[in-house]
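Residue numbering restarts at 1 for every chain, and letters A, B, ... go by the order of the sequence lines. Everything numeric in this text was worked out from a predicted model, so none of it was measured.
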Amino acid sequence: MIDFKSLDKKWNDYWDKEGLNKFDVKNIDKKYYSLVMFSYPSASNLHLGHWYNYAPADTFSRFKKMQGHEVFAPMGFDSFGLPAENFAIKTGTHPQDSTDRNIKTMQKQLKGIGAMYEPSSYLETSSPEYYKFTQWLFLKLYEKGLAYQKLAPVNFCISCATVIANEQVIDNKCERCSSDVEKREMTQWFFSITKYAEELLEKLDTLDWPSKTVAMQKNWIGKSTGGEISFVLSDASDMSKTDAKIKVFTTRTDTIFGVSYVVLAPEHPLVEKITTKEHKKEVEEYVKKTLKISDIDRQTTKEKTGVFTGAYCLSPVNGEKLPIYIADYCLMNYGTGAVMAVPAHDERDFEFAKKYDLPIKEVIVGAGGQLDSKNNLTITDHRSPTTDHNIPFIEKGTLINSGTYSGLESNKAIRQILKDLEKKGLGQTKTNYRLRDWSVSRQRYWGAPIPIIHCDKCGIVPVPASDLPVKLPYNVVFTKDGVNPLSKCEEFINTKCPKCKKSAKRESDTLDTFVCSSWYYLRYPDANNKKEPFDKKKIASMLPVDKYIGGAEHACMHLLYSRFITKSLRDMGYLNFDEPFTSLVHQGLILGKDGMKMSKSRGNVVNPDLYVDEHGSDIFRMYLMFGFSFIEGGAWNDDGILALKKFLERVYRLVEKVSASIKETPFATLEFNFDLNYAVHYAIKHVNEDLEKLSFNTAIARIMELVNAIYKHIEQNTSLMLVNEANQTLIKLLAPFAPHIAEELHQMMCGDNWEESIFKHPYPVHDEQSLVKFETELAVQINSKIKSKILIPTTATNEEIEKIAISDEKVIEAIAGAKPKKIIIIKDRLVNIIV
RNA sequence: GCCCGGGUGGCGGAAUGGCAGACGCACAGGACUUAAAAUCCUGGGAAGGAAACUUCGUAUCGGUUCAAGUCCGAUCCCGGGCACCA
């Protein structure tokens with residue numbers, strides 16, 4: 001038996017030599033952009049997760065290529081990032097050096113997959129040729145007012161010593177290092193992703209994306225429509241007119257008659273102004289205390305606290321005097337930083353009201369509440385306050401105790417009340433989003449420097465595009481003090497102001513690596529362009545990406561950021577499409593043998609290299625595709641890989657056998673055999689359909705069936721020519737899955753006539769006629785229970801099928817003389833006789 | 001708490017409302033072999049039965065339907081996301 005391992009190099013070299021992976025611009029009309037998420041060289045090795053993403057994706061690319069598409073499948077490295085820098089602090093190895101080294105190893109490993117990556121589009125985000133344009137992107141966003149600097153509370157990871165984005169905070173811990181995240185007030189750079197909130201939300205429905213990812217993004221954007229309502233301060237004599245109102249945001253304007261107090265966030269600017277003398281000390285202490293407690297504690301303790309400010313405001317609907325509180329459960333960074341509290345119909349307000357003994361006014365009853373002809377409310381819902389006081393009742397329903405609005409259904413009341421308030425200038429409809437602007441400043445070295453200069457005279461001055469890239473200096477010192485090495489690098493920091501030419505200082509923050517990865521798919525098709533990030537025309541013909549395959553962990557980060565960047569570049573006139581990734585698929589997660597997530601500490605990490613070294617890449621990648629449902633993943637199993645080895649050896653023997661016999665009897669007759677022909681076309685049809693859906697495991701199952709069928713026909717002495725033909729189809733079907741082995745088998749089959757790579761051949765297409773059988777087997781049910789099977793001519797009419805079914809021996813016995821009441825016939829499936 | 005997924009043999013996993021368990025692993029039996037391995041063939045949801053066959057069976061309970069793993073309602077468990085968002 002041949003050593004499959006030896007085939008990897010042979011065919012890889014051949015593909016390289018022949019330029020088989022090259023994208024040919026001539027065929028641009030048939031382009032297919034097949035993208036995988038590029039690798040992050042933080043660890044020194046390609047791990048199983050990479051393989052599980054890249055190998056099946058390559059099978060898909062090869063399938064598309066054989067289908068006649070001009071496939072563009074690039075690969076590169078997302079090579080900036082914290083881990084390299086942390087490694088430098090720990091070991092003294094410069095991030096540039098460790099990154100270069102890791103990339104070298106990983107490139108070798110990538111080669112081992114045997115994937116058809118386009119060689120000329122290779123990129124590394126940490127190379128000046130690339131980050132020059134990441135900086136260009138920043139400047140463009142700045143120019144358009146989409147990048148700005150502000151003092152804001154940000155998430156600060158103490159261990160990483162840098163600010164991180166909202167999206168990078170998981171359970172109040174850093175997404176990367178899992179240590180605590182602190183809220184800090186810092187001047188930071190932001191991208192105005194919120195300006196695109198509505199489009200980012202809306203266009204989600206046009207995408208062929210996993211529904212879960214769409215749901216996550218929708219959730220993250222968090223649109224809610226409601227009203228912004230003003231509560232006028234009851235004693236506003238000493239304040240300016242604009243300050244005399246508290247604006248609250250609510251989605252439940254229908255509950256406004258149930259408001260018993262108003263709450264401000266402790267950070268709210270009005271707090272200071274409205275607090276009365278008697279309450280000043282208490283309020284100040286409370287504000288100080290809550291601001292000091294990090295968000296972490298504010299969330300984990302959850303117990304609501306607050307204090308009375310001494311001030312009152314007036315209900316805009318009935319003029320009722322309402323006390324104003326400040327409380328930690330009101331958040332400054334959402335809505336207006338103030339809420340109207342309706343304890344009877346909101347859980348949080350209820351909890352607070354109970355604790356501080358505030359009135360609870362019920363104004364909504366369940367949907368059973370109705371006005372009778374005399375305008376009296378009848379209540380039929382069991383949850384209504386008049387029966388069992390099941391409050392807080394947070395659902396919508398019918399209004400009670402709400403003046404002229406009583407009796408209205410909630411949704412109607414919301415519209416009506418807002419309309420009336422608008423007339424009085426005290427309210428309007430308002431949409432809020434949970435999405436915050438993207439914080440992109442990082443106080444770290446190993447990233448693209450933000451191309452900004454701070455000048456004492458001119459203020460913030462962008463680096464002129466002609467001066468790009470702002471190069472990251474190599475000679476910096478990495479220390480454990482948590483201070484950005486760049487800020488201590490004199491030769492980097494000190495510069496001249498481009499405007500006034502006086503000495504000025506460079507911005508020392510670098511860009512979040514997600515900025516680098518938010519546009520890399522635009523760079524690939526024009527990766528060697530020295531003048532521009534990409535040529536507009538080229539991109540217009542190559543983008544959007546047709547199939548994007550990668551991990552689900554990027555749902556609210558990379559995938560959202562990329563959509564935003566695409567839209568902003570479109571609005572600047574650089575792109576002519578709205579969405580970067582029309583079709584997206586996430587591969588599942590491969591777990592350790594123990595069914596647990598792989599981790600070094602658990603000691604259950606599976607190293608792909610060991611298996612590839614032993615079996616070659618085809619067996620390994622086929623196991624990854626056959627052993628799991630692609631989008632589910634699952635636990636690793638060593639036996640599974642042996643199964644695929646067995647299968648491929650079985651195919652090899654088959655090809656060996658058939659090509660040997662063909663050599664012996666080259667003029668074998670071609671005698672048609674329906675069954676074998678059917679098996680071949682059945683396999684072709686399903687492998688095509690399954691590959692289109694990335695259902696690799698079932699596609700391989702169909703190929704296995706074909707192999708079994710061919711073996712059977714050899715035994716049955718079916719025409720050698722036909723077997724030979726079936727075999728050739730088999731190898732083509734197999735080619736995207738096991739490219740090296742398929743090339744070898746193809747060469748074996750062709751013998752002296754071999755001319756070119758199997759990937760220059762079209763993928764088999766099935767012939768519908770070959771799948772039409774003369775006879776079909778139908779199951780016959782009596783009262784929905786299967787009693788018999790019958791063979792009917794495929795062309796039989798329903799009447800004929802009925803006749804055959806009823807005259808079947810077992811059916812006669814089962815019916816036992818009873819008269820059929822109804823006969824249901826499902827084409828090609830079954831007959832159900834109801835008696 | 002809320003929003004998504006998911007729960008099918010000993011195992012990985014298949015099933016446009018229409019014959020549950022494709023394909024494979026493991027297992028068992030047979031062939032080949034001095035023997036073993038490899039290979040090739042056959043069999044395997046469970047229970048009962050000599051067999052034909054019968055009954056049960058896709059987390060649980062109920063419903064719709066001639067027909068439910070699939071649709072609907074409730075419950076339990078597992079995974080993921082969000083989490084004081086007014």
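For A:A643, the listed nucleotide lying nearest its side chain is B:C25; candidates were B:C23, B:C19, B:C25. Of the listed nucleotides (B:A22, B:G18, B:C82), B:A22 has the atom at the smallest distance from the side chain of A:R702. With B:C41, B:G81, B:C19 as the choices, the nucleotide that has an atom nearest any side-chain atom of A:A779 turns out to be B:C19. Here the nucleotide nearest the side chain of A:S629, chosen from B:C4, B:A14, B:A86, is B:A14. Checking B:G80, B:C25, B:C19 against every side-chain atom of A:K212, the shortest atom distance belongs to B:G80. In this structure, of B:A14, B:C40, B:A26, it is B:A14 that holds the atom nearest to the side chain of A:N697. Among the nucleotides B:G18, B:A86, B:A22, the one closest to any side-chain atom of A:L830 is B:G18. In the set B:A86, B:U42, B:C40, B:A86 carries the atom at the smallest distance from any side-chain atom of A:S224. When each of B:C56, B:C53, B:C66 is scored by its nearest atom to the side-chain atoms of A:K785, the top-ranked nucleotide is B:C56. When distances are taken from the side chain of A:T698 to each of B:C40, B:A22, B:A86, the shortest belongs to B:A22.
No contact: A:S211 has no heavy atom under 4.0 Å from any strand. In this structure, A:I826 reaches the bases: a heavy-atom distance under 4.0 Å links it to at least one base atom across the strands shown. Here A:E632 lies out of heavy-atom contact (under 4.0 Å) with every strand.
Under the 4.0 Å criterion applied to side-chain N and carboxylate O atoms, A:E649 and A:K645 are assigned as salt-bridge partners. Between A:E705 and A:R702 there is a salt bridge, since at least one side-chain N of the basic residue sits less than 4.0 Å from a carboxylate O of the acidic one. In this structure, A:K355 pairs ionically with A:E303, as a charged nitrogen and a carboxylate oxygen lie closer than 4.0 Å. The pair A:K810-A:D808 does not meet the salt-bridge criterion, since no charged nitrogen lies less than 4.0 angstrom from a carboxylate oxygen. Salt bridge absent: A:K304 and A:D328 never bring a charged side-chain N and a carboxylate O closer than 4.0 Å.
One can place NZ of A:K218 at 11 Å from P of B:C4, the figure rounded to the nearest angstrom. Atom CD1 in A:I710 sits roughly 13 Å away from atom P in B:C41 (whole-Å rounding). Summarising the geometry, the separation between NE2 on A:H345 and P on B:A86 is reported as 17 Å, rounded to the nearest angstrom. One atom, CD of A:E351, and another, P of B:C84, lie 13 Å apart when rounded to the nearest Å. In this structure, A:H586 places its NE2 atom 15 Å from P of B:G80, rounding to the nearest Å. As a whole-Å value, the separation of A:F696 CZ from B:G12 P is 21 Å. At whole-Å resolution of the value, CG in A:D690 and P in B:A14 are 11 Å apart. Per the geometry, CD1 belonging to A:I825 stands 16 Å off C1' belonging to B:C19, to the nearest Å.
The glycosidic torsion of B:G9 lies within 90° of 0, which places this base in the syn conformation. Annotated as anti: B:G43, whose O4'-C1'-N torsion sits more than 90° from 0.
Closest of all the heavy-atom pairs between A:H586 and A:P210 is CD2-CG, 3.6 Å.
Side-chain nitrogen and oxygen atoms of A:K787 include at least one within less than 4.0 Å of the OP1 or OP2 phosphate oxygen of B:U54. Applying the 4.0 Å criterion to OP1 and OP2 of B:G17, one finds that A:R829 has every side-chain N and O outside that range. In this model, the phosphate group of B:C40 is approached by a side-chain N or O of A:R650 to a distance below 4.0 Å at OP1 or OP2. In this structure, A:K827 does not reach the B:G18 phosphate: none of its side-chain N or O atoms is under 4.0 Å from OP1 or OP2. Contact between the side-chain N/O atoms of A:Y334 and the OP1/OP2 oxygens of B:A86 is found at a separation under 4.0 Å. Contact annotation: A:N708 reaches the phosphate of B:G24 (side-chain N/O to OP1 or OP2, under 4.0 Å).
Between the C1' atoms of B:G21 and B:G10, the separation comes to 14 Å (whole Å). With both ends at atom P, the span from B:C40 to B:A26 equals 13 Å, rounded to whole Å. Separating the P atom of B:C78 from that of B:C41 is a span of 44 Å, rounded to the nearest Å. Comparing the C1' positions of B:G73 and B:A68 gives a spacing of 15 Å, expressed to the nearest Å. Taking atom P on both B:G49 and B:G12, the two are 31 Å apart, rounded to the nearest angstrom. Nucleotides B:U58 and B:C53 place their C1' atoms 24 Å apart, quoted to the nearest Å. If you take atom P in B:C3 and the same atom in B:U75, they sit 12 Å apart, rounded to whole Å.
Cation-pi geometry between A:K773 and A:Y678 is met: under 6.0 angstrom from the ring centre, within 45 degrees of the axis. For the pair A:R650 and A:Y711, the cation sits on the ring face: its NZ or CZ lies under 6.0 Å from the ring centre, inside 45° of the axis.
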Would you sketch RNA chain B in dot-bracket for me? Only Watson-Crick or G-U wobble pairs with both distances under 3.5 Å count, crossing pairs as [ ], other-strand pairs as |, the rest as dots. (((((((..(((.....[....))).(((((.......))))).((((....))))..(((((..]....))))))))))))....
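Side-chain contact annotation: A:Y329 with A:E351, donor-acceptor N/O pair under 3.5 Å absent.
The base of B:C66 sits with one of its N or O atoms less than 3.5 Å from a complementary donor or acceptor on the side chain of A:N832. Between the side chain of A:K304 and the base of B:C84, at least one donor-acceptor pair of N or O atoms lies under 3.5 Å. Taking only distance into account, the side chain of A:K789 meets the base of B:C19 through a donor-acceptor pair shorter than 3.5 Å.
Taking the centre of each ring, A:W636 and A:Y623 come in below the 6.0 Å mark.
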